[in-house]
Amino acid sequence: MAEAKRYYVTTPIYYVNDAPHIGHAYTTLACDALARFMRLDGYDVHFLTGTDEHGQKVEKSAKAAGVDPQAFTDKVSQNFRDLAKAMNYSNDDFIRTTEERHKKACQEIWRRLKDRGEIYLGSYAGWYAVRDEAYYGEDELTVGPNGKKIAPSGAEVEWVEEPSYFFKLSEWGDKLLAFYDANPDFIAPESRRNEVISFVKSGLKDLSISRTTFNWGVQVPDDPDHIMYVWLDALTNYITAVGFPDDQSAMYKKFWPADLHMVGKDILRFHAIYWPAFLMAADLEPPRRVFAHGWWTNEGQKISKSLGNVIAPLHLVEKYGLDQTRYFLLREIPFGNDGDFSHRAMVQRMNSDLANGIGNLAQRSLSMINKNCDAAVPQPGDFNEADERLINAAEEALPKVRDFIREQGFHKALETIWQVIGEADRYVDEQAPWALRKTDPARMNTVLYVLAETIRRLGLLLQPFMPQSAERLLDQLVLSPEARTFAAYGRDHALKPGTALPKPEGVFPRFVEPEAAS
RNA sequence: GGCAGCGUAGCUCAGUGGUAGAGCAGGGGAAUCAUAAUCCCUUGGUCGGGGGUUCAAAUCCCUCCGCUGCUACCA
């Protein structure tokens with residue numbers, strides 16, 4: 001059965017207590033490239049990001065700042081909207097857990113779980129460290145000199161008990177395993193999938209899903225003493241945004257289940273275990289896929305606030321350029337692995353791949369057209385074998401890139417595009433249009449036409465990754481907006497000979513080290 | 001500790017039974033259209049150590065060494 005061409009992709013909602021860093025930028029960037037690709041490929045895309053604004057930490061931070069929590073979150077969530085704008089993300093919606101629509105959705109999913117007998121009232125007890133605001137397991141504790149129990153962090157813990165509602169997660173282990181088995185692509189990469197499965201196989205405990213010790217959260221229906229605990233609240237955002245609780249709405253029917261939840265590896269468990277369990281328990285469909293990507297290090301060092309080596313995305317954009325940063329993050333490491341950000345590697349990518357690669361190819365080709373073809377798309381003659389080879393290589397790149405994008409292989413997609421660039425450079429050298437200028441101008445025209453066509457396709461392919469630069473590249477070929485989708489990728493949408501072209505300008509500057517002060 | 005995985009050229013990684021690969025870095029050459037960019041050739045590896053299975057092992061098995069991830073309620 002033919003399903004409508006729609007694609008729903010989400011980032012996690014980011015906890016507003018953190019300042020936006022490279023991790024946030026990276027997750028959303030991957031989703032953005034995916035969303036842009038799917039749109040160009042004819043899909044109706046819904047790309048969601050947002051902020052998680054509830055919880056004890058937010059409540060405390062607001063208090064410390066002397067404002068009420070809502071005013072506090074209004075302010076800090078703006079940082080994430082600013083980031084989205086600065087990184088040129090194309091999200092269709094930005095959800096905040098403090099919105100009315102979301103509270104309604106949370107309370108409704110709670111009611112459904114309650115009605116189906118998936119929630120019961122119990123009490124949550126454990127060793128709690130006030131300083132860390134966290135519970136610890138018995139086996140993590142050590143005994144301090146004064147005989148008190150000490151958390152791994154060094155904080156003293158005390159035994160506390162509070163009433164709490166529980167979700168019967170323990171009853172969902174087998175159903176989850178059956179679900180993973182029936183949906184082998186549900187968790188990626190493969191190694192993460194294995195971890196999740198082994199975790200579930202080791203047995204699941206019921207999950208505490210309410211708290212009474214603070215107020216900043218969604219109230220539990222019919223029990224005002226409790227607020228809903230983070231994960232049920234946070235995860236529900238994914239269905240809130242497509243119209244839940246109105247699960248008969250056009251929006252919900254069209255976009256749920258989500259095609260992909262992109263997450264960092266640290267929150268995989270919540271997305272791959274709790275979330276499908278919540279949904280199945282509420283008789284809703286689980287999402288289709290969760291991808292857990294890796295973390296960045298900075299010049300080989302683990303990034304941490306205490307080391308003071310946090311990477312601010314805006315700083316990178318300012319220093320290297322927006323599209324250069326986007327390109328680096330998606331190209332440098334196999335998506336899913338951890339990766340290292342270093343100035344050296346960044347400059348390498350920026351100069352070798354961008355300036356010397358696509359930048360130089362476009363500039364050398366378009367300059368020759370500008371100077372030797374009356375600044376218009378040249379009239380080609382018949383294609384010879386070499387021409388066909390390059391045209392075909394470019395033609396075949398789209399389906400290859402598509403396959404890689406569908407499995408979130410961003411680095412492979414870019415590598416595929418760069419193979420075409422390499423072939424085009426070899427083609428220029430072999431054909432030597434600068435020599436043909438005198439010996440065989442008609443053949444020169446054909447060669448330059450083939451190059452322009454190749455650049456057209458490269459520009460189209462680069463749009464999801466480097467939207468602004470690709471746009472400038474395509475502007476230099478005077479492509480109409482309709483001619484910029486993948487529907488216009490083929491030969492039947494080839495450049496029209498005679499089309500006047502502007503004087504080309506470099507799109508990818510090289511990075512030049514500032515001279516050391518002497 | 002338990003479970004899982006990894007260790008291949010200076011760097012990042014591909015290669016899962018049949019003559020060791022790519023990109024970048026290094027060396028040499030060509031070309032001069034282009035952001036001194038490009039193209040060609042090339043140096044470089046006892047595929048972590050040892051043992052075994054096989055006509056044949058980076059690839060399968062055993063063992064040792066080193067590294068990483070997961071091992072539940074801060075998000």
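Keep in mind that what you see is a predicted model, and the values were worked out from it rather than measured. Letters A, B, ... are given to chains in the order of the sequence lines, protein chains preceding strands, and every chain is numbered from 1.
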K.L.:
Please check this pair: side chain of A:H24 against backbone of A:H21, looking for a donor-acceptor N/O pair closer than 3.5 Å.
P.N.:
yes
K.L.:
Measure from the side-chain heavy atoms of A:Q363 and tell me the nearest of B:U35, B:A37, B:A75.
P.N.:
B:U35
K.L.:
Could you check how far CG of A:L451 sits from P of B:C39, rounded to whole Å?
P.N.:
13 Å
K.L.:
Does A:Y229 place a side-chain N or O at less than 4.0 Å from the phosphate oxygens OP1/OP2 of B:A75?
P.N.:
yes
K.L.:
At 4.0 Å (heavy atoms only), tell me whether A:N372 reaches a base, stays on the sugar-phosphate, or touches nothing.
P.N.:
nothing
K.L.:
Using whole Å, what does the distance between atom P of nucleotide B:A72 and atom CD of A:E195 come to?
P.N.:
13 Å
K.L.:
Establish, for the pair A:R349 and A:F328, whether the NZ or CZ atom is under 6.0 angstrom from the six-membered ring centre and no further than 45 degrees off its axis.
P.N.:
no
K.L.:
Rounded to the Å, how far apart are A:N356 CG and B:A37 P?
P.N.:
5 Å
K.L.:
In whole Å, measure the gap between the C1' atoms of B:G18 and B:C60 for me.
P.N.:
14 Å
K.L.:
Could you measure between the two P atoms, the one in B:U38 and the one in B:C64, and give it in whole Å?
P.N.:
50 Å
K.L.:
Could you tell me whether the phosphate oxygens of B:C3, OP1 or OP2, come under 4.0 Å of any side-chain nitrogen or oxygen in A:K201?
P.N.:
no
K.L.:
Please tell me which of the listed nucleotides, B:A37, B:C33, B:A75, lies nearest to the side chain of A:W434?
P.N.:
B:C33
K.L.:
Using the ring of each side chain (for Trp, its six-membered ring), is A:F383 parallel, tilted or perpendicular to A:Y449, with breaks at 30° and 60°?
P.N.:
tilted
K.L.:
I'd like the C1' distance from B:C55 over to B:U19, given in whole Å.
P.N.:
15 Å
K.L.:
Rounding to an integer number of Å, can you tell me how far A:M346 CE sits from B:C11 P?
P.N.:
23 Å
K.L.:
Would you mind telling me which residue lines up with the more 5' stretch of RNA chain B, A:L207 or A:D425, judged by nearest nucleotide?
P.N.:
A:D425
K.L.:
Using the ring of A:Y229 (Phe, Tyr or Trp, six-membered ring only), decide whether A:R211 places NZ or CZ under 6.0 Å from its centre and within 45 degrees of its axis.
P.N.:
yes
K.L.:
By the 4.0 Å heavy-atom rule, please label A:L204 as base, sugar-phosphate, or nothing.
P.N.:
base
K.L.:
Rounded to whole angstrom, note down the P distance from B:G49 over to B:U42.
P.N.:
28 Å
K.L.:
Could you work out the separation of B:G23 and B:C33 based on their P atoms and round it to a whole Å?
P.N.:
27 Å
K.L.:
Determine the contact category for A:Y14: base if any of its heavy atoms lies under 4.0 Å from a base atom, sugar-phosphate if only primed atoms, P, OP1 or OP2 are that close, otherwise nothing.
P.N.:
nothing
K.L.:
Is the shortest side-chain N to carboxylate O distance from A:E430 to A:R426 below 4.0 Å?
P.N.:
no
K.L.:
Is the phosphate of B:A37, meaning OP1 or OP2, less than 4.0 Å from a side-chain N or O of A:R510?
P.N.:
yes
K.L.:
Please work out whether the ring planes of A:F335 and A:Y26 are parallel, tilted or perpendicular, with thresholds of 30° and 60°.
P.N.:
tilted
K.L.:
Counting heavy atoms from C-beta on, name the nucleotide in B:C13, B:C39, B:A37 closest to the side chain of A:D429.
P.N.:
B:C39
K.L.:
Categorize A:V196 for me: base, sugar-phosphate, or nothing, with a 4.0 angstrom heavy-atom threshold over every strand shown.
P.N.:
nothing
K.L.:
Would you measure the distance from the C1' atom in B:U12 across to the matching atom in B:U8 and give it in whole Å?
P.N.:
12 Å
K.L.:
Which is true for A:R192 with a 4.0 Å heavy-atom rule: it touches a base, it touches only sugar-phosphate, or it touches nothing?
P.N.:
sugar-phosphate
K.L.:
Using whole Å, what does the distance between atom C1' of nucleotide B:A4 and atom CD1 of A:I187 come to?
P.N.:
14 Å
